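A short worksheet on the structure shown next.
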Amino acid sequence: MEYNFREIEKKWQQYWRDQHTYQSEIKADKPKYYVLDMFPYPSGAGLHVGHPLGYIASDIFARFKRLKGFNVLHPMGYDAYGLPAEQYAIQTGQHPEVTTVKNIARYREQLEKIGFCYDWNREVRTCDPKYYKWTQWAFMQMFKSYYNTELDKARPIDELIAYFEKNGSEGCNAATNGKNAFTAEQWNAMTKVEKENALMDYRIAYRGNTMVNWCPKLGTVLANDEVSEGVSLRGGYPVVQKMMSQWCLRVSAYAGRLLRDLDNLDWTDSIKETQRNWIGYSEGAEMQFPLVGSDEKMLIFTTRADTIFGVTFMVLAPESEYVEKVTTAEQKAAVEAYLDEVKHKTERERMIEKKVSGVFSGSYAVNPVTGKNIPIYISDYVLAGYGTGAIMAVPAHDSRDYAFAKHFNLDIVPLIEGADVSEESFDAKEGIVMNSNNDKLQLNGLQVKEAIAKTKKFIEEEGIGKVKVNYRLRDAIFSRQRYWGEPFPIYYDADGQPQVIEESELPLQLPEVDKFLPTESGEPPLGRAKNWVATNDQPLELCTMPGFAGSSAYYLRYMDPHNDEALVGEEANGYWRQVDLYVGGTEHATGHLIYSRFWNKFLFDYGYVCEAEPYKKLFNQGMIQGRSNFVYRIKDTNTFVSLNLKDEYDVTPIHVDVNIVSNDVLDIEKFRAWRPEFADAEFILEKDKYICGWAIEKMSKSMFNVVNPDDIVDRYGADTLRLYEMFLGPVEASKPWDTNGIDGVNRFLKKLWNMVFDGDAVRLTEEKPTADNLKTLHKLIKKVTADVEVLSYNTSVAAFMICVNELYTQKCVSKAIFDELIVVLAPFAPHITEELWHVLGHEGTICDAQWPAFNEEYLKESNVKYTVMFNGKPRFNIEVPVGTDKAEVERLALSDKGAEKWLAGKAPKKVIVVPNKIVNVVV
RNA sequence: GCUCGGAUGGUGGAAUCGGUAGACACGAGGGACUUAAAAUCCCUUGGCCUUUAGGCUGUGCGGGUUCAAGUCCCGCUCCGAGUACCA
């Protein structure tokens, strides 16, 4: 019988569907294992061969765990809200939902063809009202909460109100972006609107006036992780900074926990490091600098308190609230001109220019330690969003301050012994301090680290400032001026104050609109919706939530996808708890993976979920790059010359569709048919073949290097695709897609098939396995068990090939051997093994088989081979019985007749015996 | 600039705690079967020198530690990823 993968794969995929083989449910008596893939955005292009890489890896793991006796949860769904569908809707008028549903259907079809063991009964779509009800619900809880910094968790906002009524804002231990302090009397005297405005500065989901990344081309704001190098990640359009009132999530309140809890996660160091950098812990001091001729004090943040004696000026961010206060009448025009200039620069321009710019405010501040007056400047190299938006400038020891001082001709006072600051600043935090003594504080002679500590202590004692930790992590901007996203469960009352709708009104469904564009008056698309009001007739919020809203808690929903009472029920959450293995790309390190951890922690604070972290182990698969092929056309002709002959001609390389090239050999007939202009192409061949050139490029339509998994499945079968993608190299490595080796794994499957079948009959017999058979099999089991546990699949596939080759050489026909072999292979190649499972007379599905244990007994050798080396060079081998002691091995090695030649009559200086491996003789 | 990875045959990649580098696969070369092709099977395949056997050399470059280094240490070169005025 032929190995007919098309028939086999179709048959078993249908069987698995009919039998609900992959449906999972709570089994209290069984240990659980939750394997999750990052769910895809269903784009119009469908899956390409890069997508399944991670899915195959996790699928193998899920199947492996199931065979090992775990109750496995392995779901899949769709991150269905997103820009492409909306952009497409704007261009064509096609409702994004229609596009999305169509794309999802295509994805599903493609995924099924590869034979994944997903429990489709648990599928989620972020755009489904039944799903986004819980996205809205979580937002609502965040709106009703504040962050208690003492308990280090979210608490109901009512508790904070009670506190304000009694004590005012003094000592309230709440994370806030507000600066206004008030007493209990002041609070109680506030109007309703004033109180609500004050509370807004404390809510975890809050409306705030913040600098946002505004993308004019997309007509929406973007989060920091959606912007890279001054342009939008999607589309690459310029982004400008703009002050806007937006919904935000107080992610920054969780910075400390997000950082600390990283330590206990089983993630790669590189992705933990990326998150640490993004969170950006920095310990320093906040210091007050009194303004000359005023009671006003300005707060700065520094990590270099020790350099206080070298402060020769101060700099404010252009957006700082101090700017207005320090600008003198004489400087007013100059300052305004500068602010105007800054405002009109895009992020990108600011970055490209990197030119020193700034303006003198006219005012001076007093250095609180030296008592000297120092000028206050305004410059955009100071960021409003970090620290206090104001700095003390120490040009001798900060390169940015240095450039600024040189440009404006300000004093540069060196503070570290031996540091030469004539050409550039000395930024390193090391050396011995000098020029830093007066009657209040003496730092001279100290190491920088000691000086920092001493200064911090001093300023706290003197009441000049306090020790402070700052994080780079900002609050997440949560509004998008778009149509295709979750509506906010928010309406605006008669005073224009945002209020949450009733929980019973959830889900608040996305309304229909006539066009997917902003309104004429510049409101977001929801402004076009008719009757877009809450049940109390008050107008609803017009913005929608960003992409990361729906993906932040989806892993919880899979645990209990049909629950209408809760995001996830207590029983389901208590059983499945958290994701044990999460597989996806590194590109989500600073976006999804931060937001999701934040979201989970918020829910955890209220006990809605039982684990503080969503993803226990994270595995990052690499990216699949494209591998393009080229043909070489001789200039001004329609003649193409093969790769190795091209240097003799004047040629232009032309991209050729990789799907008509095999092993870099061009299919000439298909090429002629590919494009009309090539119909009468002529070729100069080498060895009767046309060899194409190649290059590694991004996988894209324009390079003709997109490979669709369906084509591979069609040609070789899903099992071959799965094995090949794993065989290509480590799953975590990025690599180009290259079909050049796919025949190898296909041959392996055919060989396995042909060892089971002899014509149409089964070749295998009940014959007892030989010692060699058992050794070969158990070597495999041992290797694969260890490799799969750490997702080292490429070496596993190699082990299968070795095993089958050995059994072939041994002419093994023992059914007992194959019974176990196919179980070990089943996670990798589920279809062929399922077929063989039944051919060999087993019941049910191979998915429920038991992973075989390996037996060390079979692997034991009676003799051990030692390599005898002289001065580090291997010379000959000896064999000794197992368990021979070192001294005896040494004696046998030296008395072997091969040793004579290398000893040459001399006595060995030293002999090293490495158990079971090597005898090294130093002569 | 900073942080983290990486560099091994013609190619993708193996190599546990430092222990015979190049597993496995592709490609290439040779052979068997075949009228022929495909498929299948067998042999060779890092380089150099001799070829019965053997010898030398070899993991980006330069040093070091060690009986022994792809692996550990120091100093470079190149490539990739992330981040970027974070005080």
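Keep in mind that this is a model prediction, so the values were computed, not measured. Numbered from 1 within each chain, the chains take letters A, B, ... in sequence-line order.
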Atom pairs, protein N/O to nucleotides 49-58 of chain B N/O, distance under 3.5 Å:
from  : atom 1 : to       : atom 2 : distance (Å)
B:G55 : OP1    : A:Arg875 : NH1    : 3.4

Can you name the atoms? Protein N/O to nucleotides 65-70 of chain B N/O, anything below 3.5 Å, with the distance.
from  : atom 1 : to       : atom 2 : distance (Å)
B:C67 : OP1    : A:Lys910 : NZ     : 3.0
B:C67 : O2'    : A:Asn920 : ND2    : 3.3
B:C67 : O2     : A:Asn920 : ND2    : 2.4

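In this structure, CD1 of A:Ile308 is placed 13 Å from C1' of B:A87, rounded to the nearest angstrom. Whole-Å rounding puts the A:Met314 CE to B:A87 P distance at 17 Å. Distance, A:Asn754 CG to B:A39 P: 14 Å, rounded to whole Å. Protein atom CG of A:Asp787 is 17 Å distant from nucleotide atom P of B:G13, rounded to whole Å.
A:Tyr724 comes within contact range of no nucleotide atom at all, as no heavy-atom separation falls under 4.0 Å. Residue contacts for A:Thr303: at a heavy-atom cut-off of 4.0 Å it reaches the sugar-phosphate backbone alone, with no base atom in range. As judged by a 4.0 angstrom heavy-atom cut-off over every strand, A:Ile391 is placed among the base-contacting residues. Among the heavy atoms of the strands, none lies under 4.0 Å from A:Asn470. Among the atoms of the strands shown, only primed sugar atoms or phosphate atoms (P, OP1, OP2) are found under 4.0 Å from some heavy atom of A:Pro730.
Within the 4.5 Å cutoff, side-chain heavy atoms of A:Glu283 are placed close to those of A:Lys456.
Between A:Phe870 and A:Phe876, the angle of the ring planes lies from 30° to 60°, which puts this pair in the tilted group. Relative ring orientation between A:Phe757 and A:Trp753 is described as tilted, the plane-to-plane angle lying within the 30° to 60° band. Using bins of under 30°, 30° to 60° and over 60° for the plane-to-plane angle, the ring pair A:Phe800/A:Phe748 lands in the tilted bin.
For B:C17, the base is syn relative to its sugar; the glycosidic angle is within 90° of 0. Base orientation of B:G9: syn (glycosidic angle within 90° of 0).
When each of B:G13, B:A87, B:A15 is scored by its nearest atom to the side-chain atoms of A:Thr795, the top-ranked nucleotide is B:A15. Closest to the side chain of A:Trp278, from the set B:A25, B:A84, B:A14, is B:A84. Here the side chain of A:Asn740 is nearest to one of B:C26, B:G12, B:A15, namely B:C26. Here the nucleotide nearest the side chain of A:Lys917, chosen from B:C42, B:G19, B:C85, is B:G19. Closest to the A:Lys750 side chain, of the nucleotides B:C41, B:U40, B:U20, is B:U40. Relative to the side chain of A:Phe727, the nucleotides B:C24, B:A14, B:C41 differ in distance, and B:C24 lies closest. Counting only heavy atoms from C-beta on, A:Arg747 has its side chain closest to B:C26 among B:C26, B:U3, B:U83. With B:C41, B:C26, B:U20 as the candidates, the nucleotide lying closest to the side chain of A:Pro874 is B:U20. Of the candidates B:A84, B:A87, B:G82, the closest approach to any side-chain atom of A:Thr274 belongs to B:G82.
For the P atoms, the distance from B:C72 to B:A23 is 22 Å, rounded to whole Å. Only the P atoms considered, B:A15 is 33 Å distant from B:C2, to the nearest whole Å. Nucleotides B:G75 and B:U71, compared at atom P, are 16 Å apart to the nearest Å. The separation of B:A84 from B:C76, taken at their C1' atoms, amounts to 26 Å, rounded to a whole angstrom. Comparing the P positions of B:U59 and B:G47 gives a spacing of 15 Å, expressed to the nearest Å. Taking the C1' atom of each, B:G70 and B:G58 are spaced 11 Å apart, rounded to whole Å.
Using a 4.0 Å cut-off between charged side-chain N and carboxylate O, A:Glu806 and A:Lys775 make no salt bridge.
When each of A:Tyr402, A:Phe404, A:Tyr386 is checked for a ring-ring contact (aromatic ring centres under 6.0 Å, His included) with A:Tyr381, only A:Phe404 meets the rule.
Applying the Watson-Crick and G-U wobble criteria (two distances, each under 3.5 Å), B:C33 pairs with nothing in any strand. In this entry B:G27 has B:U45 as its Watson-Crick or G-U wobble partner, both defining distances falling under 3.5 Å. Across all strands shown, B:C17 forms no Watson-Crick or G-U wobble pair with both key distances under 3.5 Å. Summarising the base pairing, B:G70 is matched to no nucleotide, lacking a Watson-Crick or G-U wobble pair whose two defining distances lie under 3.5 Å. With a cut-off of 3.5 Å on both Watson-Crick or G-U wobble distances, the partner of B:G1 is given as B:U83. Pair assignment for B:U77: B:A7, on the basis of Watson-Crick or G-U wobble contacts that are both within less than 3.5 Å. Base pairing analysis places B:U51 opposite nothing; no Watson-Crick or G-U wobble pair with both distances below 3.5 Å involves it.
Between A:Ser282 and the phosphate of B:A87, there is a side-chain N or O to OP1/OP2 separation shorter than 4.0 Å.
In this structure, A:Ser379 contributes its side chain and A:Ser357 its backbone to a donor-acceptor pair below 3.5 Å.
The two atoms that bring A:Leu316 and A:Ala390 nearest to each other are CD2-CB, 3.5 Å, heavy atoms only.
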Let me check something: any side-chain donor-acceptor pairs from residues 298-305 of chain A under 3.5 Å, sequence neighbours excluded? List them with distances.
from     : atom 1 : to       : atom 2 : distance (Å)
A:Thr302 : OG1    : A:Arg304 : N      : 2.9
A:Arg304 : NE     : A:Asp306 : OD1    : 3.1
A:Arg304 : NH2    : A:Asp306 : OD2    : 3.2

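The aromatic ring centroids of A:Phe828 and A:Tyr793 lie less than 6.0 Å from each other.
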Original post:
How far apart are the C-alpha atoms of A:Thr586 and A:Asn620, what are their side-chain angles, what is the distance that settles it, and do they pass the side chain to side chain donor-acceptor pair (under 3.5 Å) test?
Top reply: CA-CA 6 Å; A:Thr586 47; A:Asn620 298 114; 5.6 Å; no

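Looking at A:Ser252 and A:Asp475, their side chains do bring a donor and an acceptor atom within 3.5 Å of each other.
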